[in-house]
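As structure tokens, the structure follows; a few thoughts come after it.
Every heavy atom of this structure was used, including side-chain atoms; hydrogens, water molecules and symmetry mates were not. Source: prediction; values computed, not measured.
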Amino acid sequence: MRIFLNVLKNDFARTVCSKAFVFAALGLTVATFLTGMEELSYMTPENDLIYIYGIFQYLDFQLLYLLFAAIPGAALFCADWENRFIRFSAQRCSKRIYGVSKGIACFVSAVLVVVVSEWLDLMILRLWGFPAVNLESTIQALGAFDVIGYSEWVYLYFAAVIFIKACCAGAFAEFALWLSTKITNVFVTLAAPMLAYYVLNTLMMWLRMPSKFYPGMLSKGHSVFGGAGITTLVTCGIFAAFGVVFLVLFTRSCRSCLLYTSPSPRDMRRS
């Protein structure tokens, strides 16, 4: 356990406490406002954050959050592979610890990128002068979140939908991390979450599966499984399960890779 915690601490330092994380969070915020600036120019003080946030979810480049969320952690394996640091990892910790630690750091960093960026968006909009909620304006349907959305609990609504979106980003970042063990190319790895999201959503529509399980519906909090709390837990649970599956696959792939990359005596002397 001590070794695992030390490895996990180092991986968090490489992801959450890194320049890449700051770049991803701020870059996502900038990208959101750049793509939504035209819509914002038509907004009036009567439009509240709920309305604007809903508009932002349907911007042309809204899937960019999957790319930015993957930046800090999805390319960890690619970096270790290219720098040949993975050889030393085979001796410093077990293959399972290496894989699980990288998987957890990837998921958490992706979640935090979206959480930080989305709350920063809301903070900027609030400072811009838009109210959090305007009960006198046209009220849009929020599904399971109607009760808390248009009330004094409006920020709890934002916390729920942002966390759902963040878990979606974490799950697809986990997929990209696993794919990086098959194709060790950083650009392919970072593009993988958006491509997988689109393919999975299209495939489920083609198979005519229940719409509430489409990634597009789940990630926006539109799938209703009960009240606000139950819907949040179930939706995040689905994405967490998706992430766990690829964490297991990534760990197994790491064990296979590390099996054939054991350090040579010369490398061990250098370490």
Side-chain angles (χ1 to χ4, degrees), residues 1-31 65-120 162-163 165-181 184-193 236 239-240 243-244 246-255 257-258 261-263 267-268 270-271:
M1 179 59 70
R2 179 181 177 183
I3 296 176
F4 171 72
L5 292 177
N6 287 334
V7 175
L8 186 60
K9 179 181 177 181
N10 291 332
D11 286 333
F12 277 142
R14 295 177 62 188
T15 53
V16 179
C17 303
S18 67
K19 294 180 180 179
F21 179 87
V22 176
F23 169 80
L26 295 181
L28 179 55
T29 295
V30 172
Y65 79 91
L66 294 174
L67 184 152
F68 281 99
I71 289 176
L76 283 177
F77 183 85
C78 292
D80 287 352
W81 186 269
E82 292 178 1
N83 299 329
R84 297 188 179 183
F85 178 77
I86 195 170
R87 291 186 173 187
F88 307 121
S89 298
Q91 290 294 320
R92 294 177 180 178
C93 66
S94 69
K95 304 173 183 65
R96 180 177 299 176
I97 287 178
Y98 176 89
V100 172
S101 176
K102 295 292 182 296
I104 292 176
C106 175
F107 188 91
V108 172
S109 63
V111 167
L112 291 179
V113 164
V114 175
V115 168
V116 171
S117 178
E118 296 280 288
W119 278 109
L120 186 58
I162 288 174
F163 190 63
K165 185 176 181 179
C167 286
C168 174
F172 282 95
E174 206 72 37
F175 165 79
L177 183 65
W178 165 76
L179 186 64
S180 70
T181 63
T184 54
N185 182 286
V186 175
F187 298 103
V188 173
T189 298
L190 295 182
C236 291
F239 285 127
V244 168
F246 285 101
L247 185 150
V248 173
L249 292 176
F250 170 72
T251 302
R252 290 183 176 179
S253 295
C254 284
R255 296 174 69 178
C257 293
L258 290 172
T261 56
S262 57
D267 291 330
M268 292 178 66
R270 288 181 179 177
S271 64

Q: On the 0 to 90° scale, with breaks at 30° and 60°, tag the F246-F175 ring pair as parallel, tilted or perpendicular.
A: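 Rings of F246 and F175: perpendicular, over 60°.
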Q: Report yes if some heavy atom in the side chain of V108 is under 4.5 Å from a heavy atom in the side chain of T15; otherwise report no.
A: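 Answer no - side chains too far apart.
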Q.
Measuring only between side-chain heavy atoms, which start at C-beta, is L247 closer than 4.5 Å to F107?
A.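 Result no, sub-4.5 Å side-chain heavy-atom pair not found.
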Smallest separation among heavy atoms of [X] and [Y], with atom names:
X	Y	answer
C78	V186	CB-CG2, 4.0 Å
A169	V114	CB-CG2, 3.6 Å
C106	A173	SG-O, 3.5 Å
V116	A25	CG1-CB, 4.1 Å
A110	G170	CB-CA, 3.7 Å

So, the side chain of [X] versus the backbone of [Y]: is there a donor-acceptor pair under 3.5 Å, distance only?
X	Y	value
S101	Y98	no
S117	T29	yes
T184	S180	no
T181	L177	no

Q: Could you walk me through whether V113 and Y65 pass side-chain contact (heavy atoms from CB on, under 4.5 Å), step by step?
A: CA-CA 9 Å; V113 164; Y65 79 91; over 6 Å; no
Could you grab the distance from atom [atom1] of [X] to atom [atom2] of [Y], nearest 0.5 Å is fine?
X	Y	atom1	atom2	result
F172	L179	CZ	CG	13.0 Å
L76	T189	CG	OG1	10.5 Å
L26	L120	CG	CG	7.0 Å
F239	F163	CZ	CZ	11.5 Å
I71	S18	CD1	OG	10.0 Å
D11	I97	CG	CD1	11.5 Å

(Q) Under 6.0 Å from the ring centre and within 45 degrees of the ring axis: does the NZ or CZ of K102 meet both conditions for the six-membered ring of F250? (A)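 No, K102 does not sit over the ring of F250.
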